[in-house]
Structures are given as C-alpha cells and as structure tokens.
Amino acid sequence: MHRRIPHLASRLPIVALLSLSCATLGRLAFTEPDVELQEIAVTGIGLTGGTFELAFDVYNPNDYRIRSTRLEVGIDLDGTHFGDALLDRPLDLSPTNHSRIVVPVRFEWAGALGWGRRRCSHVGRSGMG
C-alpha cells in the first residue's frame, strides 16, 4: 500500500501564478491625474454670451497611458451654472508625463450675471461693500 504525498513542487506553479497576478493588479492601481489651470483666453464675445479656452497642465502619475474619446464638463461658479466645456477629440495622457490640454468653453451672459449678482449681494451683506 502506497500512500500518495502531494509534493510542494506540484503546487508551486499555482502559487507563482497567483503571486504574479496580484503583482500585476497592484501595478494597475489608478491614481487620478493632477490638473492645474495655466491660462484662460477669451476667444469670442457676443450678445448672448461668449467663448473662451481653458489651458490645463495635466500630469498622469500612472505607469500606463490614459485615453479618452471625448470630454464634456459643466462649469459652475459658486453653485451657479456658468458654461459648458466640450473636448470632442481623442485625449491621450502619456504615462508619468505632463500634457497640455486646451478645452473650449461656451458661456451665456445669464449664467455670468446670475453669478455676479450673487457675489455682489454676498459682499453687501458682509459689510464689505
């Protein structure tokens, strides 16, 4: 009667595979990119509103490329909707690198005036105006 004893060597490939999987997943952890506003450039003014461009320095701290096909953002100032930004082209952030991203923004005077009224009434109530 022979008794079968499992060998450590037969289990080693499974342990190694699990260890490699965990190491790979650990490297794929996502860290949000750092975004810093660099510039605001007014590109158009009209009767109903206008357009401007926001230029950002975006740093991707991850060890892998981040890609997007489109970026759409609402711009609010102190809780008042001011405008909408649309970047309708592919966005490609290189790993551990800075990228300059320029985003066009369209705004309406109604949103800007509402924000201005709220700011002025706040300053008047605080005794500073």
Side-chain angles (χ1 to χ4, degrees):
M1 174 153 78
H2 294 291
R3 203 164 148 197
R4 196 162 187 202
I5 300 173
H7 296 288
L8 180 59
S10 66
R11 292 186 183 171
L12 192 57
I14 294 171
V15 172
L17 181 62
L18 288 175
S19 296
L20 288 174
S21 297
C22 290
T24 301
L25 289 176
R27 284 194 308 266
L28 292 180
F30 178 74
T31 302
E32 283 193 35
D34 296 324
V35 179
E36 183 178 317
L37 180 63
Q38 288 186 322
E39 182 181 336
I40 301 172
V42 176
T43 55
I45 298 288
L47 293 174
T48 60
T51 57
F52 59 91
E53 292 180 338
L54 300 175
F56 296 99
D57 173 54
V58 181
Y59 176 71
N60 176 12
N62 298 291
D63 292 330
Y64 51 87
R65 184 174 305 280
I66 297 176
R67 292 184 177 149
S68 170
T69 56
R70 175 185 172 109
L71 175 67
E72 191 170 351
V73 179
I75 309 283
D76 294 344
L77 295 172
D78 287 339
T80 300
H81 185 70
F82 181 74
D84 296 300
L86 173 64
L87 187 61
D88 201 12
R89 62 176 174 78
L91 181 64
D92 191 350
L93 302 177
S94 298
T96 62
N97 204 357
H98 290 265
S99 299
R100 180 176 167 91
I101 308 295
V102 177
V103 180
V105 177
R106 177 178 305 275
F107 71 92
E108 295 182 9
W109 291 119
L113 293 174
W115 174 79
R117 273 195 303 269
R118 283 180 29 145
R119 295 301 297 163
C120 288
S121 67
H122 175 72
V123 169
R125 280 196 311 263
S126 67
M128 297 176 69

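One is the number of the first residue; the rest follow in order along the sequence.
Leu93 contributes atom CG, which lies 11.5 Å from atom NE2 of His98 (distance to the nearest 0.5 angstrom). A distance of 4.5 Å separates CD1 in Ile45 from CZ in Phe107, rounded to the nearest 0.5 Å. With values rounded to the nearest 0.5 angstrom, Gln38 atom CD is found 4.5 Å from Asp57 atom CG. A distance of 12.5 Å separates CD1 in Ile101 from CD in Glu53, rounded to the nearest 0.5 Å. Separation of atoms OG1 (Thr69) and CG (Leu87) is listed at 10.0 Å; rounding is to 0.5 Å. Atom-to-atom distance recorded for Ile75:CD1 and Thr80:OG1 is 13.5 Å, nearest 0.5 angstrom.
Contact record, Ala55 with Arg100: CB-NH2, 3.4 Å, taken as the closest heavy-atom pair. Heavy-atom minimum distance, Val102 versus Arg89: O-NH2, 4.1 Å. A pairwise comparison of heavy atoms in Phe82 and Phe52 identifies CE2-CE2, 3.7 Å as the closest pair. In terms of heavy atoms, Pro61 sits closest to Tyr59 at CD-O, 3.2 Å. Pairing each heavy atom of Ser99 with each of Ser94, the nearest pair is OG-N, 4.3 Å. Listed here is the closest heavy atom pair of Gly74 and Asp84: CA-OD1, 3.9 Å.
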When you look at Leu47 and Trp109, which way does the side chain to side chain contact (heavy atoms under 4.5 Å, CB included) test go after all the steps? CA-CA 8 Å; Leu47 293 174; Trp109 291 119; 6.0 Å; no

Trace of the side chain to side chain contact (heavy atoms under 4.5 Å, CB included) decision for Asp76 with His81: CA-CA 4 Å; Asp76 294 344; His81 185 70; 3.1 Å; yes

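With hydrophobic clusters built from ILVMFWY side chains whose heavy atoms lie under 4.5 angstrom apart, Leu71 shares a cluster with Val58. Val73 is connected to Val103 through a chain of hydrophobic side-chain contacts under 4.5 Å among Ile, Leu, Val, Met, Phe, Trp and Tyr, so both are in one cluster. In the hydrophobic clustering of this structure, Leu86 does not group with Leu37; members are Ile, Leu, Val, Met, Phe, Trp, Tyr whose side-chain heavy atoms approach within less than 4.5 Å, directly or through other members.
Asn60 places a side-chain N or O within 3.5 Å of a backbone atom of Asn62 that can act as its donor or acceptor partner.
Contact check on Asp88 versus Arg70 returns a salt bridge, with a Lys/Arg side-chain nitrogen under 4.0 Å from an Asp/Glu carboxylate oxygen.
In this structure, the side chains of Arg67 and Asp92 come closer than 4.5 Å at one or more pairs of heavy atoms.
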